[in-house]
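Here's the structure we're looking at; comments come further down.
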Amino acid sequence: MRYRSGMRTNRRSVLAGLASASGIAALPKGARARPAGLSQPDLGPNVIILTPDMPTQSAQARLDGIFARQERSHFSDDRYAVLLMPGEHALDINVGFFTQVAGVGRMPGDVVVRGHVHAEADWNDGVALVNFWRSAENMAVRPPDGADRWAVSQAAPYRRMDIAGDLFLDDGGWSSGGFIADSVISGTVRSGTQQQWFTRNSTIGGWDGSNWNMMFMGVEGAPPTMFPDPPYTTIEDVPVVRDKPFLQVTPSGVWQVLKPALRRNARGPGWANGSQAGEAIALDDFLIATPDMPAGRINAALASGKHLLLTPGIYRLTEPLEVVRPGTVVLGLGLATLLAEGGTVAMRIADVSGVVIAGLLFDAGPQVSPLLLQVGPPGASADNRDDPISLSDIFVRVGGARNGRVETAVEVNSNHVIGDHLWIWRADHGDRAGGREHVGWDENTANQGLIVNGDDVVLSGLFVEHFQKYQTLWNGERGRTYFYQNELPYDPPSQADYMADGRRGYAAYKVADHVDHHLAVGMGIYANFTADPSIVLESAIQAPEKPDVRFRSVTTISLGGGKGTIAHIVNDSGEAAKKGAVRQTLNEYPPRGAMK
């Protein structure tokens, strides 16, 4: 749970007059109904498909029912996807835990919501620090009051959205997100209490607010770099990106998955010119999997050349899902969850080009797994630069909902991998409503969050938290990280339990000594050693002293008013974040001109 000290106690309503189920207007005259002759696929009971010709009260009642079930369901096994068919919808869509709301048009403007699509924190008195695990994607929203709210923290992507008006990212209390991509927001994004935020390839009318680390990449309308005061870091374009695939329905009623094209030096949304480049794959080419389907059947389909669509639910795996063919798309709906049981790896990806994995939650089981997600086998060497493997909205959880144990959560061995929004989390809190939190230094054990062995790996929007040794360990050459958010583990019992080869603590981001080229920009690393506030981390970032191993816009914070110390920011540089001096920053390392 994110640190709460200093949260606003007087909540203010910034969105007046949210539409209620009884107050939403009828479907606007002339709104498009579903295409003639449409045959909807069977996506299971937890995918709700809403059409423009559905009675408004009926559609609203279904949405309200899901939200009532999911508003507080922080560690529920329930999963839902709400799909809006092309046309206009007069709805108020409040998005709770483990709920995906997505339009299924080729362009965001094909699905118009005349109302709100929003995430609130009413259930937690306005504190959105744990508003995780939800998403809004691929629609145009026309709020009647000219503003909407997306008050979230990690694992709550906001993608391909077209908003007429302002967007608020908090609900009065502290919040710790988040991620916007491939979107247009005509008004001002107001970050409020957000501690950090990453926005890429979007167009915004303006940005208001900052706290610790706000980063913009390829964003039209972004503020210029002013780090550290305010902590804005702006990069004009994104060197390489492939946006997340999405379901779409053609005007003739054919269901497809659109795999967006690779973009280089990208600025603004991928659909801004009125079209979306990419490969349309017929839904008939996918195995539509359900949670009770054996892994063997799924693997047989993948081996035969099928793509994979995972419908919402918990997939209890005693053997890995094996992605072995080039160009395979694996897409999860409703945060479909791969639970590793019996100490298995949940998914392995072969060293093949063009694979896309998106929209999945990987969950550790009670027996120790060596890995949850492996991208390429050890020693992978294929040159995938022309068609990289890409990972979008990939989330990992170790503990919290159930006992979970893993050695390393994610291992990337292949070269030329793109990561686009990853949250890799060893749980620091759990299901209190269930009577057990399933967290603790000896209970939800997990050494490393992420190990990168491949070369030319580019990760944007990387969140890694609370692992017991290295949060991120980078062994590959020419790696790049754009935006990094990390909280160190809260629960080391003592300094003696938190030592790395004679150094005090494990770096939150370690680049191996043999690496010659590396870049990381926009980094926030936070200590909150609640079990023993006397613990010291020697260096937030540990890296070789080489001219092309570089870091920019780095923040360290000792949370809780100084519960723990981060002695240095990079190696031996940077002042200590500690009680009395809780926030420190470093503009660049090595300093300009320090190395020739």
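The chain is numbered in sequence order, starting from 1. For the numbers below, each heavy atom of this structure counts, side chains included, while hydrogens, waters and symmetry mates do not.
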With sequence neighbours left out, write down each residue that passes side chain to side chain contact (heavy atoms under 4.5 Å, CB included) with [X], or none if nothing qualifies.
X	value
Thr188	Asp166, Arg190, Asp208
Arg583	Trp212, Pro231, Thr555, Ile557, Thr585
Ala272	Pro269
Ala266	Asn201, Val241, Arg263

| Looking just at side-chain N and O atoms, do Tyr509 and Thr481 make a donor-acceptor pair shorter than 3.5 Å? | yes

Counterpart residues, ring-ring contact (aromatic ring centres under 6.0 Å, His included), relative to [X] (two or more places apart):
X	result
Tyr158	Trp150
Phe362	none
His74	Phe97, Phe132, Trp133, His429
Phe198	Phe483

Working note: Tyr484 + Thr472, criterion side chain to side chain donor-acceptor pair (under 3.5 Å); need CA distance, chi angles, decisive distance, verdict. CA-CA 10 Å; Tyr484 183 69; Thr472 298; 3.0 Å; yes

With sequence neighbours excluded, give me every salt bridge (charged side-chain N to carboxylate O under 4.0 Å, His left out) pair touching [range].
range	result
residues 496-524	Arg504-Glu538, Asp516-Lys546
residues 380-395	Arg159-Asp393, Arg242-Asp387, Lys244-Asp393, Asp383-Arg385
residues 550-559	Asp548-Arg550

List the atom of [X], the atom of [Y], and the distance in Å for their closest heavy-atom pair.
X	Y	value
Met217	Pro239	CE-CD, 3.6 Å
Gly376	Asn413	O-ND2, 2.8 Å
His416	Asn384	ND1-N, 3.4 Å

Charged N to carboxylate O under 4.0 angstrom, Asp243 versus Arg200? yes

Can we call the ring centroids of Phe216 and Trp207 under 6.0 Å apart? yes

For residues 528-551, the ring-ring contact (aromatic ring centres under 6.0 Å, His included) pairs (sequence neighbours left out) are Tyr498-Phe529

Is there a side chain to side chain donor-acceptor pair (under 3.5 Å) between Glu465 and Tyr490? Walk through the geometry before answering.
CA-CA 10 Å; Glu465 300 191 275; Tyr490 291 179; over 6 Å; no

